[in-house]
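Everything quoted here is computed from the prediction, not taken from an experiment.
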Amino acid sequence: MKKILMYLLTLLCISLFIAGCSSTQQDLPQGGIVKEPEPSTSGEPIVNEPEPSVSEGPIVQADGDGADAPAVYINDEPKYALKDNLKSLNEAIEFEGISYKVNSAVFTKDLDGIDPGLINYFSEEHDAKGTLTGSQSYAILNLTIKNVSETIREELVNKPFVLVKKDDLQILETGAEARYNSNVQEGQDAQHGHHYILKPGDEVTLEEIFILEDEQLTDELYFLAGWAGDDYDNAQHKFIHMEAGRDETTS
């Protein structure tokens, strides 16, 4: 009898063991591979990004106290002209093999018969005749350029205007650009109308029209025979004083 009981007890244990193994097998994913649980999507994600680089540009400082104070851009280092480089109107000067001479300069709000359709306006207010009705004026220059070098030169006559302060010769840029050229070289398109290909000895006289703010039309205004940039104090950069005649519209 005891043998029978032992035999039945053994069968019961074996049955329970087989049942437990079967349950474990059913809980496993297909193939029997146990996967790691998916990460929780709750909370802020962790983003592995490189530290942002500091870009070059103007330095910004706060204007006033507090985190909400408006930012103010600090200007670049001031630029200065050499006193000996300040030249007079009608004085022929040379820059990199090109002789420049401003024969006359007039500030006016009227085009004096020039077709306004030939002027490259930006946002300046003007009437049908081309008369400026805002706070800008035309600067009409008659100038002569000549190749005094021994090689063929390409010259850009769209030179900048600058203000040179009397007290310390500091230079302030005006941003003025040429809007009209009376003597576009043959073969040049509108985009390159201010470019000239000059053989040695070639000379061109032309009339250029710029647009400047009225507040810039002072006795500190100069026309630069050279290039705008950081090297204004280079001995080659000459500044032609705009002793310009004014008409009654700008007075």
Side-chain angles (χ1 to χ4, degrees), residues 87 89-90 93 95-96 98-147 153-164 171-198 202-229 232 237-251:
K87 305 300 180 180
L89 203 69
N90 287 308
I93 60 177
F95 175 75
E96 294 185 348
I98 300 294
S99 170
Y100 258 86
K101 182 181 178 183
V102 178
N103 305 306
S104 65
V106 176
F107 300 148
T108 177
K109 288 185 177 292
D110 297 322
L111 279 178
D112 297 327
I114 298 175
D115 182 0
L118 301 176
I119 305 296
N120 182 24
Y121 293 105
F122 296 159
S123 59
E124 297 86 8
E125 298 177 359
H126 59 90
D127 63 19
K129 294 182 179 180
T131 300
L132 293 171
T133 58
S135 60
Q136 300 87 19
S137 293
Y138 299 110
I140 303 177
L141 270 60
N142 182 284
L143 59 92
T144 299
I145 59 173
K146 182 178 181 179
N147 184 356
R153 300 297 305 275
E154 180 176 4
E155 182 65 2
L156 175 63
V157 294
N158 186 5
K159 299 294 188 179
F161 278 91
V162 297
L163 296 169
V164 181
I171 296 172
L172 303 176
E173 298 174 347
T174 67
E177 297 181 9
R179 309 298 187 87
Y180 167 81
N181 182 354
S182 66
N183 190 0
V184 176
Q185 191 171 35
E186 184 179 356
Q188 297 285 51
D189 55 24
Q191 182 180 358
H192 301 90
H194 301 287
H195 292 252
Y196 286 84
I197 307 298
L198 302 175
D202 281 355
E203 180 178 292
V204 177
T205 296
L206 60 133
E207 193 171 72
E208 277 197 304
I209 296 180
F210 298 76
I211 297 180
L212 293 95
E213 295 294 325
D214 287 342
E215 63 184 15
Q216 298 170 341
L217 305 181
T218 71
D219 59 359
E220 295 181 337
L221 184 65
Y222 285 79
F223 181 73
L224 173 62
W227 298 108
Y232 282 121
H237 283 72
K238 307 297 194 304
F239 301 83
I240 304 173
H241 191 205
M242 291 290 95
E243 302 162 4
R246 300 169 184 261
D247 65 11
E248 65 278 1
T249 62
T250 59
S251 59

> Can a donor-acceptor pair be found between the side chains of Tyr196 and Asn181 at a distance below 3.5 Å?
Replying inline: yes
> Going by atom types alone, do Glu154 and His195 pair a side-chain donor with an acceptor below 3.5 Å?
Replying inline: yes
> Side-chain contact, heavy-atom cut-off 4.5 Å: Thr144 with Asn103?
Replying inline: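 Yes, their side chains come closer than 4.5 Å.
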>> Using the rule given for salt bridge (charged side-chain N to carboxylate O under 4.0 Å, His left out), can you reason through Asp202 versus Arg153, listing the C-alpha separation, both sets of side-chain angles and the distance that settles it, and then say yes or no?
In response: CA-CA 10 Å; Asp202 281 355; Arg153 300 297 305 275; over 6 Å; no
Can you see which heavy atom on [X] is nearest to which on [Y], and at what distance?
{"X": "Gly130", "Y": "Pro116", "result": "CA-CB, 3.7 Å"}
{"X": "Phe239", "Y": "Val164", "result": "CD2-CG2, 4.4 Å"}
{"X": "Tyr100", "Y": "Leu156", "result": "OH-O, 3.5 Å"}
{"X": "Glu203", "Y": "Lys146", "result": "OE1-CD, 3.4 Å"}
{"X": "Lys159", "Y": "Leu224", "result": "CB-O, 3.1 Å"}

> What orientation do Phe223 and Phe210 show, parallel under 30°, tilted 30 to 60°, or perpendicular over 60°?
Replying inline: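 Aromatic pair Phe223/Phe210 classed perpendicular.
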> Is there a side chain to side chain contact (heavy atoms under 4.5 Å, CB included) between Ile93 and Ile240 once you walk through the steps?
Replying inline: CA-CA 9 Å; Ile93 60 177; Ile240 304 173; 3.5 Å; yes
Strictly distance-based, threshold 3.5 Å: is any side-chain N or O of [X] a donor or acceptor partner for the main-chain N or O of [Y]?
{"X": "Asp127", "Y": "Lys129", "value": "yes"}
{"X": "Arg179", "Y": "Asn120", "value": "yes"}
{"X": "Thr174", "Y": "Val162", "value": "no"}
{"X": "His241", "Y": "Asp219", "value": "yes"}
{"X": "Glu215", "Y": "Glu213", "value": "no"}

Quick one: [atom1] on [X] to [atom2] on [Y], what's the gap to the nearest 0.5 Å?
{"X": "Asp110", "Y": "Ile114", "atom1": "CG", "atom2": "CD1", "value": "11.0 Å"}
{"X": "Ile211", "Y": "Leu132", "atom1": "CD1", "atom2": "CG", "value": "5.0 Å"}
{"X": "Leu212", "Y": "Ser137", "atom1": "CG", "atom2": "OG", "value": "8.5 Å"}
{"X": "Gln216", "Y": "Met242", "atom1": "CD", "atom2": "CE", "value": "13.5 Å"}
{"X": "Leu141", "Y": "Leu143", "atom1": "CG", "atom2": "CG", "value": "6.0 Å"}
{"X": "Lys101", "Y": "Asn142", "atom1": "NZ", "atom2": "CG", "value": "10.0 Å"}

>> side chain to side chain contact (heavy atoms under 4.5 Å, CB included), that's the test. Do Tyr138 and Glu124 meet it? Break it down for me.
In response: CA-CA 11 Å; Tyr138 299 110; Glu124 297 86 8; over 6 Å; no
> Given Leu111, which of Ile140, Thr131, Ile119 fulfils the side-chain contact (heavy atoms from CB on, under 4.5 Å) condition?
Replying inline: Ile119
>> Tell me every residue that passes salt bridge (Lys or Arg N to Asp or Glu O under 4.0 Å) with Glu208, counting only those two or more places apart in sequence or in another chain.
In response: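 Here no residue qualifies.
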> Can Leu198 and Ile98 be said to form a side chain to side chain contact (heavy atoms under 4.5 Å, CB included), step by step?
Replying inline: CA-CA 9 Å; Leu198 302 175; Ile98 300 294; 4.1 Å; yes
> Can you tell me if NZ on Lys87 sees more than 12 non-hydrogen neighbours from other groups inside 6.0 Å?
Replying inline: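 Enclosed.
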